[in-house]
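Structure, as structure tokens:
First the proteins, then the strands, lettered A, B, ... as listed; each starts at 1.
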Amino acid sequence: MSEEIPKKLVAAISGGVDSSVAAAIFLEQGCELIAVTLKMRSCENPPDKRKSCCGIEDDMYARGAAEKLGIPHYFLNAREQFEERVLRNAWHEYSLGRTPNPCALCNRHLKFGALLDYAVKIGAGGIITGHYSRIERNESGVSLHRGVDPEKDQSYFLFGLTPEQLGKSFMPLGPFTKSEVREKARRFGLPNAEKTESQDACFGFRDETFAQTLCGLFKGTPRRGLIKDKSGKAIAEHDGIHLFTIGQRRGLGIALGAPAYVVEIRPDSGDVIVSKDENDLLSDRLTASNLNWQAADFAGRKFSCLAQIRYRGKAVEAEVVPLPDGRVEVKFEKNMRAITPGQAVVFYEGERLVGGGWID
RNA sequence: UACCCCGUGGUGUAAUGGUAGCACAAGUGCCUUUGGCGCACUUAGUCAAGGUUCGAAUCCUUGCGGGGUAG
């Protein structure tokens with residue numbers, strides 16, 4: 001493996017333990033590293049920030065880690081791209097009654113987009129990230145595999161990476177579990193070794209959900225409407241379809257004697273349909289658009305695989321059938337719960353991620 | 001106007017003389033590099049005022065509120 005590693009690499013440092021350890025691992029192998037922290041819009045207005053993952057505190061941790069490792073550290077301004085390619089896209093999705101997946105977009109456009117471009121521009125051979133996924137390289141090319149820690153595997157969010165992006169990426173944490181990584185952090189003496197996990201969207205303000213923040217940011221007009229049951233009977237009013245997603249239970253504010261779940265969102269009328277029957281959430285098929293193939297030989301043909309509908313969801317046996325219009329139909333071996341438009345379907349062959357697309 | 005029925009936490013209900021329970025909702029926490037699901041915990045009630053009784057959501061009286069029936 002070592003001979004394939006470029007001598008000079010950019011280490012994507014977020015401030016968290018993972019990316020710092022990833023950098024440390026490569027440093028041990030004698031690489032010349034340059035630490036870079038992506039600055040996204042969320043890093044502004046620290047006092048208003050709810051999360052710590054992109055706040056000023058993380059910038060300090062990132063700087064501290066780079067310092068400890070003895071490598072230069074820079075911030076890369078990606079605010080505009082983040083706003084356009086991730087946030088605006090996400091808001092648009094909400095307006096269509098879909099549920100965006102900002103992390104997948106961010107990976108494709110920011111971390112493995114803007115940041116990778118920057119790395120190449122300054123003459124680095126690629127980037128190192130702290131994702132819990134494995135990238136394998138051999139004569140036939142690059143491939144992405146699940147991380148060995150099933151609780152931390154993040155390959156789902158990386159389905160949108162092209163083979164080219166993968167080829168210039170390095171994810172040294174894939175073979176390790178979270179606790180092993182933390183142990184390494186201690187050994188390396190990293191200042192963020194005991195830092196708590198970051199979680200939730202890295203962009204959002206206090207007491208607001210991601211959707212609410214986006215609505216305010218883009219001065220969007222919430223598509224208000226009614227919460228109805230399957231028969232069309234109105235049950236309550238709601239403040240905007242962006243506040244709902246398929247399968248959602250909490251936040252509906254309606255007491256029907258049994259839990260009620262969102263089964264459909266109609267962007268045109270603003271209706272949100274709920275049902276007390278969880279069976280209404282079950283379906284064994286879906287179609288997906290804008291496919292991305294990391295394994296070229298899977299494109300355009302029918303195949304069987306393990307398909308995953310959501311992050312941390314269980315992958316299920318499925319058959320993928322190409323459609324004439326370039327989309328794909330996925331038929332699952334068993335019913336899936338709450339297939340959600342806007343989320344990704346990701347195809348695995350064993351541990352290997354072969355491709356994926358966006359659920360219609 | 002008379003007669004009848006009903007009135008329990010935010011919602012729907014259980015308990016007809018003896019510790020006011022359940023479901024849903026809501027809140028908090030856990031989980032989680034999206035959204036959701038899930039799990040744990042918590043909050044909150046007998047319409048009001050009198051009376052009977054050792055003891056009342058439960059019985060009686062009145063009032064208030066809602067519904068029904070009275071050519």
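Distance check on atom P: B:U19 versus B:G12 gives 26 Å, rounded to whole Å. Nucleotides B:U8 and B:A23 are separated by 15 Å at their C1' atoms, to the nearest Å. Spacing between B:C47 and B:A20 at atom P, rounded to whole Å, works out to 15 Å. Straight-line distance between the P atoms of B:C64 and B:A48: roughly 16 Å, to the nearest whole Å. A gap of 32 Å separates the P atoms of B:G51 and B:U13, to the nearest Å. On the C1' atoms, B:G66 is 48 Å away from B:U32, given to the nearest whole Å. Rounded to a whole angstrom, the distance from the P atom of B:C3 to that of B:C22 is 40 Å.
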Please list, pair by pair, any protein nitrogen or oxygen found under 3.5 Å from a nitrogen or oxygen in nucleotides 27-29 of chain B.
from  : atom 1 : to       : atom 2 : distance (Å)
B:G27 : N7     : A:Arg250 : NH2    : 3.4
B:U28 : O4     : A:Arg250 : NH1    : 3.3

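Listed pair A:Tyr311 / B:U32 fails the phosphate criterion, with no side-chain N or O lying under 4.0 Å from OP1 or OP2.
For the pair A:Leu105 CG and B:U33 C1', the computed distance is 14 Å after rounding to whole Å. Remark: P of B:C30 and CZ of A:Arg312 are 15 Å apart, rounded to the nearest angstrom. Between the C1' atom of B:G36 and the CZ atom of A:Arg98 lies a distance of 16 Å, rounded to the nearest Å. In this entry the distance linking CG of A:Asn101 with C1' of B:C37 reads 15 Å, nearest Å. To the nearest angstrom, P of B:G36 lies 16 Å from CD1 of A:Ile241. Put simply, CD on A:Gln343 is 13 Å from P on B:C37, counting in whole angstrom units. A straight line from CE of A:Met336 to C1' of B:G36 spans 14 Å, rounded to a whole angstrom. One atom, CZ of A:Phe157, and another, P of B:U32, lie 12 Å apart when rounded to the nearest Å.
Counting atom types as modelled, A:Thr340 pairs a side-chain N or O with a base atom of B:G35 as donor and acceptor under 3.5 Å. In terms of polar N and O atoms assigned as donor or acceptor, the side chain of A:Arg249 never comes within less than 3.5 Å of the base of B:G36 in a complementary pairing. A donor N or O paired with an acceptor N or O is not found under 3.5 Å between the base of B:U32 and the side-chain atoms of A:Glu151.
A:Leu252 comes within 4.0 angstrom of sugar-phosphate atoms only, judged by non-hydrogen atoms across all strands, and of no base. Contact annotation for A:Gln154: base contact, defined as any heavy-atom pair under 4.0 Å involving a base atom. Base engagement by A:Lys111 is indicated by at least one non-hydrogen atom pair under 4.0 Å involving a base atom. Nucleic acid contact for A:Arg310: base, since at least one base atom lies under 4.0 Å from a heavy atom of the residue.
Comment: A:Asp360 engages A:Arg327 in a salt bridge, judged by a side-chain N to carboxylate O separation of less than 4.0 angstrom. A:Glu151 and A:Arg312 are joined by a salt bridge, as a carboxylate oxygen and a charged side-chain nitrogen come within less than 4.0 angstrom of each other. Using a 4.0 Å cut-off between charged side-chain N and carboxylate O, A:Lys230 and A:Asp280 make a salt bridge. By the 4.0 Å N-to-carboxylate-O rule, A:Arg266 lies close enough to A:Glu264 to be salt-bridged with it.
Counting heavy atoms of neighbouring residues, nucleotides and ligands inside a 6.0 Å radius, atom CD of A:Glu237 does not exceed 12 of them.
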| Worked check of salt bridge (charged side-chain N to carboxylate O under 4.0 Å, His left out) between A:Asp18 and A:Lys152 | CA-CA 11 Å; A:Asp18 297 335; A:Lys152 295 298 296 181; 5.2 Å; no
| field | A:Phe75/A:His73 under ring-ring contact (aromatic ring centres under 6.0 Å, His included): CA gap, chis, key distance, verdict | value | CA-CA 7 Å; A:Phe75 288 104; A:His73 177 241; 4.9 Å; yes
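Along RNA chain B, the nucleotide nearest to A:Pro100 and the one nearest to A:Arg337 differ in position, and the one closer to the 5' end is contacted by A:Pro100.
Checked against a 6.0 Å centroid threshold, the rings of A:Phe157 and A:Tyr311 count as neighbours. For A:Phe112 and A:His131, the distance between ring centers is under 6.0 angstrom.
Contact between A:Ala90 and A:Phe210 at its shortest, heavy atoms only, is CB-CE2, 4.0 Å.
Ring geometry for A:Phe347 against A:Phe303 counts as perpendicular: the plane angle is over 60°, on a 0 to 90° scale with 30° as the lower cut.
Put simply, the side chain of A:Thr245 never gets that close to the backbone of A:Gln248: no donor and acceptor are under 3.5 Å apart. Panel note: side chain A:Arg182, backbone A:Lys195; a donor-acceptor pair is recorded below 3.5 Å. Using modelled atom types, no side-chain atom of A:Asn290 and backbone atom of A:Trp358 make a donor-acceptor pair closer than 3.5 Å.
For B:C37, the base is syn relative to its sugar; the glycosidic angle is within 90° of 0. The glycosidic torsion of B:U61 lies more than 90° away from 0, which places this base in the anti conformation.
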| query | In dot-bracket, 5' to 3', how would RNA chain B read with Watson-Crick or G-U wobble pairs under 3.5 Å, [ ] for crossing ones and | for pairs to another strand? | reply | (((((((..((((....[..)))).(((((.......)))))....(((((..]....)))))))))))).
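Proximity of residues 255-285 of chain A to RNA chain B (heavy atom under 4.0 angstrom from any strand atom) is restricted to A:Ala255, A:Leu256, A:Gly257, A:Ala258, A:Pro259, A:Tyr261.
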